[in-house]
Amino acid sequence: PQSVFEEATINTSINDVEMTFPNIETVGYLAFHNARGKRLTLNLPNATDIQGSAFRWDEHIGSNRMTAVKCPHVETIGSRAFEGFYLDNGTVLSFPKCTDVGEHAFERCVGLEKVNLDSCTYIHNYAFEECKNLVELKVTTERCLLGSGVFQYDDGDVYARCNPNLRIYVKNLYKQDYKTDSSMGWVYIADHIYGIGEGVVTLDDDTITMIDDYEWSYLNDLKHIILDNCTEIGDYGFYCDYYLEDFSLPKVETIGDHAFGCDLDTVPSGWQPLFTGTLSLPSAKTIGKGAFSTYRLGGDGVTPSSWSTYRFTSLNAPKLEEVGDYAFIGNSFTGDLSLPRLKEVGDYAFRATAVRNLYVPRLETTGMGSFSNLSNVTSLDLPNAHTIGRESFYYCRNLTTVNMPRLTSIGQNTFWSCSSLVEAIVGTDTDTMCTADSTPFPTTIHSIWVKDELVDTYKADAKWSRYASAIKPISERTTE
């Protein structure tokens with residue numbers, strides 16, 4: 001509440017004490033104004049609103065000041081909320097969810113060196129005035145309005161708009177807007193604005209647990225990534241980082257759309273992807289659209305017309321459950337592709353790879369062209385597949401046998417141009433006929449094995465009737 005600890009003395013006989021207030025959501029006006037405590041840290045894990053002058057420290061007050069406040073979920077910081085708050089030299093503050101920083105909010109916090117305001121959309125007038133040692137500010141939103149005199153200081157001898165060493169980091173995607181859009185207010189310090197990761201060759205940081213959308217995209221210097229504790233990479237997280245050579249992501253579970261993809265229209269002349277060897281994602285469960293591919297769509301906006309081949313030779317992803325559209329199109333996978341937990345695959349996800357053996361025992365659904373043009377695969381065992389999309393295995397020209405006992409729906413041209421296909425087991429473990437779109441198999445197929453009781457139903461169906469001579473009861477099939 002308002003002024004609850006104003007001018008209070010807290011634990012003055014003990015150094016380095018941390019006090020936690022787990023239920024506080026709002027820190028009221030003047031709540032800890034001039035509160036004393038020898039190296040006291042306040043932990044406010046659920047606070048979302050810090051009101052005006054909540055932790056202000058007046059210049060005439062003596063020592064024994066609080067030295068730290070933890071509030072990772074705060075969304076708004078009021079005017080003068082931390083004005084004059086004592087911070088050790090080199091202090092780093094992180095407010096990743098804060099959207100609004102009030103006037104004079106951190107004025108005279110001379111020990112403040114770095115601030116993270118990932119979600120900020122407005123930094124008001126004089127918010128960091130007299131913070132003359134501030135050298136780094138991070139803002140990752142598309143737009144953040146900047147008030148007047150936010151970083152200025154005057155120590156009697158020098159007046160400056162900001163510390164000459166101040167670097168303001170924004171996403172590369174938005175960097176030019178921050179530098180040139182006068183409506184945002186950053187133009188006057190444009191020389192201090194940098195793209196996140198600019199100049200970094202090796203990203204090695206075990207404190208990073210998530211890469212935000214576009215956060216490390218469009219970088220020409222980044223070659224190596226080592227993120228031992230990162231669990232999520234957002235959409236376009238490392239997009240158009242053309243010269244990446246390798247990465248280590250042992251705990252990443254989710255990889256967003258186009259996370260490691262590139263734009264085929266803007267690739268440097270003569271560019272070839274530098275990725276080689278095994279793509280190891282031991283914890284990955286979900287991989288988004290175009291995550292590891294560079295492609296261009298045709299006139300229909302769906303079918304890829306061209307792509308650049310990534311040079312991964314194998315994929316290690318034992319926990320992978322879902323793969324998005326175009327995720328690995330054109331990758332040079334060879335040998336076995338073993339994805340024991342994979343359930344869902346998007347459009348053209350593995351098109352035109354050099355895989356020889358495909359092991360996907362839990363696969364349930366595929367999209368359009370998901371595994372098309374796999375010219376080396378000779379047999380398929382899909383024991384749990386129930387929905388196979390249009391052209392999913394189109395032009396797998398060396399494929400001879402397919403087992404799909406639980407299949408309930410098959411799309412148009414699913415196995416069309418599979419000229420070597422001899423037999424298919426379809427829906428033998430289901431009680432109803434598998435619905436089909438037109439020409440799911442080549443007309444040259446020799447045997448389509450179905451449940452005994454449904455043979456006549458299949459032969460009478462408009463979509464299946466063209467295969468009437470090939471439709472046979474499963475009880476007659478031999479394995480000789």
Side-chain angles (χ1 to χ4, degrees), residues 231-232 249-257 278-289 291-293 312 314-329 331 333-351 353-374 376-394 396 399-411 414-415 418 421 423-432 434-436 440 449-451 474:
T231 60
E232 181 178 354
L249 303 168
K251 295 183 180 180
V252 166
E253 296 181 0
T254 303
I255 298 175
D257 294 349
T278 298
L279 173 57
S280 184
L281 301 167
S283 300
K285 296 180 180 179
T286 303
I287 292 177
K289 178 179 179 179
F292 292 94
S293 62
F312 293 119
S314 60
L315 173 62
N316 174 34
K319 297 181 180 180
L320 190 60
E321 298 177 359
E322 182 179 348
V323 175
D325 300 346
Y326 320 106
F328 295 102
I329 186 172
N331 271 267
F333 296 136
T334 58
D336 296 347
L337 180 60
S338 178
L339 300 170
R341 297 189 183 182
L342 186 65
K343 294 182 179 180
E344 183 176 349
V345 180
D347 296 347
Y348 301 101
F350 290 94
R351 181 179 183 178
T353 62
V355 171
R356 290 189 176 277
N357 296 299
L358 183 63
Y359 179 68
V360 284
R362 297 189 186 182
L363 184 66
E364 297 177 357
T365 63
T366 68
M368 181 186 295
S370 297
F371 295 96
S372 55
N373 297 73
L374 302 188
N376 294 320
V377 173
T378 59
S379 64
L380 283 174
D381 185 18
L382 306 174
N384 286 293
H386 57 75
T387 303
I388 302 296
R390 176 180 176 180
E391 299 178 5
S392 281
F393 295 92
Y394 180 87
C396 294
L399 183 64
T400 61
T401 62
V402 183
N403 178 35
M404 302 175 291
R406 296 186 179 180
L407 196 65
T408 58
S409 176
I410 188 168
T414 298
F415 291 94
C418 296
L421 189 61
E423 67 169 356
I425 297 173
V426 176
T428 52
D429 291 347
T430 63
D431 294 327
T432 58
C434 172
T435 60
W449 303 101
V450 300
K451 197 167 187 176
I474 187 64

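Across A349 and V323, no two heavy atoms sit closer than the pair CB-CG1, 3.9 Å. Between A291 and G256 the shortest heavy-atom distance is CB-O, 3.8 Å. P383 approaches P361 most closely through the heavy-atom pair CG-O, 3.4 Å. Of all the heavy atoms in C434 and V426, the pair that sits closest is CB-CG1, 3.9 Å. Shown here for V345 and S370, the closest heavy-atom pair between the two residues is O-OG, 3.6 Å.
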(request) Would you check, one step at a time, whether the test side-chain contact (heavy atoms from CB on, under 4.5 Å) holds for T430 with L407? (result) CA-CA 8 Å; T430 63; L407 196 65; over 6 Å; no

(request) List the steps, then state whether side-chain contact (heavy atoms from CB on, under 4.5 Å) holds for L358 with F393. (result) CA-CA 12 Å; L358 183 63; F393 295 92; 4.3 Å; yes

(request) Please report the C-alpha distance between K451 and D431 in whole Å, then the side-chain angles of each, then the deciding distance to 0.1 Å, and finally whether the salt bridge (charged side-chain N to carboxylate O under 4.0 Å, His left out) criterion is met. (result) CA-CA 8 Å; K451 197 167 187 176; D431 294 327; 2.7 Å; yes

(request) Go through L315 and L339 one step at a time and tell me if the side-chain contact (heavy atoms from CB on, under 4.5 Å) criterion holds. (result) CA-CA 9 Å; L315 173 62; L339 300 170; 3.9 Å; yes

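Of the possible polar contacts, none joining the T254 side chain to the K285 backbone as a donor-acceptor pair under 3.5 Å is found. For N376 (side chain) and R356 (main-chain N/O), no donor-acceptor pair under 3.5 Å exists by modelled atom type. In terms of modelled atom types and a separation under 3.5 Å, the side chain of T400 and the main chain of T378 share a donor-acceptor contact. A donor-acceptor distance shorter than 3.5 angstrom exists from the side chain of S283 to the backbone of P250, with no hydrogens or angles considered. Side-chain N or O atoms of D325 include one that pairs as donor or acceptor with a backbone N or O of D347 at under 3.5 Å. Under a 3.5 Å cut-off, the side chain of T366 and the backbone N or O of G389 do form a donor-acceptor pair.
L281 pairs with exactly one of N316, I255, V252, L320 by the side-chain contact (heavy atoms from CB on, under 4.5 Å) rule, that one being I255. Among the candidates F415, F350, Y394, the single residue satisfying the side-chain contact (heavy atoms from CB on, under 4.5 Å) test with S372 is Y394. The side-chain contact (heavy atoms from CB on, under 4.5 Å) with S392 is formed by just one residue from the set T365, T414, T387; it is T414.
Counting heavy atoms from C-beta on, the side chains of L399 and F371 never come closer than 4.5 Å. At a threshold of 4.5 Å between non-hydrogen side-chain atoms, the residues L374 and T353 count as touching.
A side-chain donor from one of T278 and S314 sits under 3.5 Å from a side-chain acceptor of the other. Judged by distance alone, the side chains of N384 and R406 do bring a donor and an acceptor atom under 3.5 Å apart.
Rounded to the nearest 0.5 Å, atoms OG1 (T401) and CD (E423) are 6.0 Å apart. For the atom pair CG (L342) and NZ (K319), the distance works out to 15.5 Å, reported to the nearest 0.5 Å. To the nearest 0.5 angstrom, E253 atom CD is 10.0 Å from E321 atom CD. From N403, atom CG reaches atom CG of L382 across 7.5 Å, with rounding to the nearest 0.5 Å. The distance from the CG atom of N357 to the CG atom of D381 is 12.0 Å, given to the nearest 0.5 Å. Interatomic distance, N373 CG to R351 CZ, rounded to the nearest 0.5 Å: 4.5 Å.
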